Structure formats: C-alpha cells, structure tokens
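Read the structure below first, then the notes.
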Amino acid sequence: MNRLHAAGSFVLALLGCSLLAAAEFKGGEEWPQFRGPKRDGLSTETGLLKEWPTNGPTLAWKATGIGEGFSTVAVAGGKVYTAGDRSNGCFLIALDLESGKEQWAAKIGDTGEFGGYAGPRGTPTVDGNMVYCLGQRGDLVCVATANGKEVWRKNLPKDFGGRCGGWSWSESLLVDGEKLVVTAGGQGAGIVALNKKTGALLWKAAIPGNDPAAYSSIVISNGEIFIRTFKNLWCISSP
C-alpha cells in the first residue's frame, strides 16, 4: 500500500499529461478500479509525453480535505473516486474530473487506525451506475455514481464472521459479471460473492484452516479466483 493521503489532508493533483485522463480530460481511457480496466496495471493511452517539460507538467487542479488513508483513485464517467477518513467518519468521495470540485461524499463507516495507520486502504470500484468501496472496519457499501445515495451495504465481521490481519481490511473490490467478490475471512465464508445490485449472498467459499483475510485484492483468470489470504495463496473455481 502506498500512502497517498497526508495526515488530516489529502491532496490530489491531476496533471495535464496524466495516465488517468487524456489531454484536457476528454476522450481518454477510463480507470474504473484498482490497477485499471483489466486489473493488470496496463493503460492503452497514447500520445503521452516521453519526458517532462523543463518546468514540469501543467497543474490542472488539486483537491484538498479528502481525508486520511491509503486509497488510490478510480476514474469513470467524468468523476474521480477515492476514500478517506474525515473527522466524522470514513467516506467514499467523488470529485469532478474537469474541475476537481467535490460532487458528493458517502459515509462508509467509522474512522479507524489499525497497525498504526489510519484511514481506508482499498480503492473504489466503479461498475456502470454504481460504485463500491470497502472501509478498514469491514464496511462494504454500494452507492449510486450520480449522487452518492446508498443502495446497499454489508459489514464483513457482522454478516459473515469476517476476520483480517492487523492492518485490517485493505481490499479493492472486484466486480465479475453480476457478482461482487470479496475476501471476508470468516469461518466457512473465506470468500463471498454478492449480487452486485442488491447485496444478496450468491455463494460463499470456505478457506482451509479458516485463514483470515489479508491485504491483497482478488483477481480472476479463466474462471478461477486467485486470492492471497493471511498465510497462503488460493485458487478457487468460481461457480
């Protein structure tokens, strides 16, 4: 995890030649989740600068007061999404891509410091008109991209007996087709799949030895789910 939020105040600077947006922020590839569209860290953007100008790239805008934490950004539908701990809670936040102005903030849950580090760890995941985020206390929320209105929520400890390592839940959520998959770390519910529209449980899979959740995010390849839990790397066939 890279610490992007300064203590008490997160500054997000979007540059004119950013990998996250095309020139003047129009027509560029979207970056709707952790590590990009395919979750592989690769961008198909072209026309990028091969070297910085002498005085550096032009600053397009910056946003302050986002909060404290480790969330990176997702970019989709003309908005930039991130998360942070503010004085009154942990929030999922949407900024206007062109101006950097805050569009809305949806509460994920309470603030929290784990392992000496405060704030949410995971990056929001955008899918269509919904955005999903997991807070450091295991609060999982789905909200509308248009206005931040909450659609549904789960709490991994309460709903699935979830457990995690000392740095707490750090996962960037994965949407696969009609389901959202997350490492709950519970007994008999190491990994759970939820209906992405309603939050209803679709299936759950036990992890041998009831290994708790760690700090990695799920990837799927050829129908197989790969996840690194606290002690081991697992491959699980997706039903």
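Owing to the predicted nature of the structure, the values given are computational and were not obtained by experimental measurement.
No continuous path of ILVMFWY side-chain contacts below 4.5 Å connects Leu92 to Leu194, so the two sit in separate hydrophobic clusters. Linking ILVMFWY residues whenever their side-chain heavy atoms come closer than 4.5 Å, directly or via other members, leaves Leu173 and Ile236 in distinct clusters. Clustering ILVMFWY residues whenever any of their side-chain heavy atoms sit less than 4.5 angstrom apart, transitively, puts Leu180 in the very cluster that holds Phe160. By the criterion of side-chain heavy atoms lying less than 4.5 angstrom apart, applied directly or through intervening Ile, Leu, Val, Met, Phe, Trp or Tyr residues, Trp152 is grouped together with Val192 in one hydrophobic cluster.
In this structure the side chain of Leu140 reaches within 4.5 angstrom of the side chain of Val182, judged on heavy atoms. Within the 4.5 Å cutoff, no side-chain heavy atoms of Cys133 are placed close to those of Pro120. You'll find the side chain of Gln33 stays beyond 4.5 Å of the side chain of Val126, heavy atoms only.
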Which donor-acceptor pairs under 3.5 Å do the side chains of residues 196-208 make with protein atoms, sequence neighbours left out?
| unit_1 | atom_1 | unit_2 | atom_2 | d |
| --- | --- | --- | --- | --- |
| Lys196 | NZ | Asp127 | OD2 | 2.8 |
| Lys196 | NZ | Gly177 | O | 3.0 |
| Thr198 | OG1 | Ala200 | N | 3.2 |

Residues 225-232, side-chain donor-acceptor partners within the protein, below 3.5 Å, at least two apart:
| unit_1 | atom_1 | unit_2 | atom_2 | d |
| --- | --- | --- | --- | --- |
| Arg228 | NH1 | Phe230 | O | 3.3 |
| Thr229 | OG1 | Asp211 | OD2 | 2.4 |
| Thr229 | OG1 | Asn232 | O | 3.2 |
| Thr229 | OG1 | Trp234 | NE1 | 2.9 |

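Legend: residues meeting side chain to side chain donor-acceptor pair (under 3.5 Å) with Thr123, ordered by chain and number and at least two apart, are Thr72. Qualifying side chain to side chain donor-acceptor pair (under 3.5 Å) partners for Gln187, counting only residues two or more places apart in sequence or in other chains: none. Partners of Ser237 by side chain to side chain donor-acceptor pair (under 3.5 Å), not counting sequence neighbours, listed by chain and number: Glu224.
Heavy atoms only, all atoms of each residue included: Trp169 and Ala213 are closest at NE1-CB, 3.8 Å.
Residue Val131 is tested with Thr145, Thr125, Val141 for a side-chain contact (heavy atoms from CB on, under 4.5 Å); the sole match is Thr145. Across Leu95, Ile93, Thr82, a single residue satisfies side-chain contact (heavy atoms from CB on, under 4.5 Å) together with Val73, and that is Thr82.
The CD1 atom of Ile108 sits 7.0 Å away from the OG atom of Ser71 when rounded to the nearest 0.5 Å. Taken to the nearest 0.5 Å, the CZ atom of Phe70 stands 13.0 Å off from the OG atom of Ser172.
Note on ring orientation: taking the six-membered ring where Trp is involved, the planes of Tyr81 and Trp104 are tilted (angle from 30° to 60°).
One side chain, Ser43 or Glu29, offers a donor N or O that lies under 3.5 Å from an acceptor on the other. Counting only N and O atoms by type, the side chains of Glu171 and Thr183 include a donor and acceptor under 3.5 Å apart.
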Trace of the ring pair (Phe, Tyr, Trp, His ring centres under 6.0 Å) decision for Trp167 with Tyr215: CA-CA 8 Å; Trp167 287 329; Tyr215 318 113; 5.2 Å; yes
Would you sort out whether Lys38 and Glu30 count as a salt bridge (charged side-chain N to carboxylate O under 4.0 Å, His left out), showing the intermediate values? CA-CA 11 Å; Lys38 296 182 179 179; Glu30 295 195 331; over 6 Å; no
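Residues in residues 129-139 take part in these side-chain hydrogen bond (donor to acceptor under 3.5 Å, both in side chains) pairs, two or more places apart or across chains: Asp85-Gln136, Asp139-Asn155.
Taking 4.0 Å as the cut-off between side-chain N and carboxylate O, Arg121 and Glu68 do not count as a salt-bridged pair.
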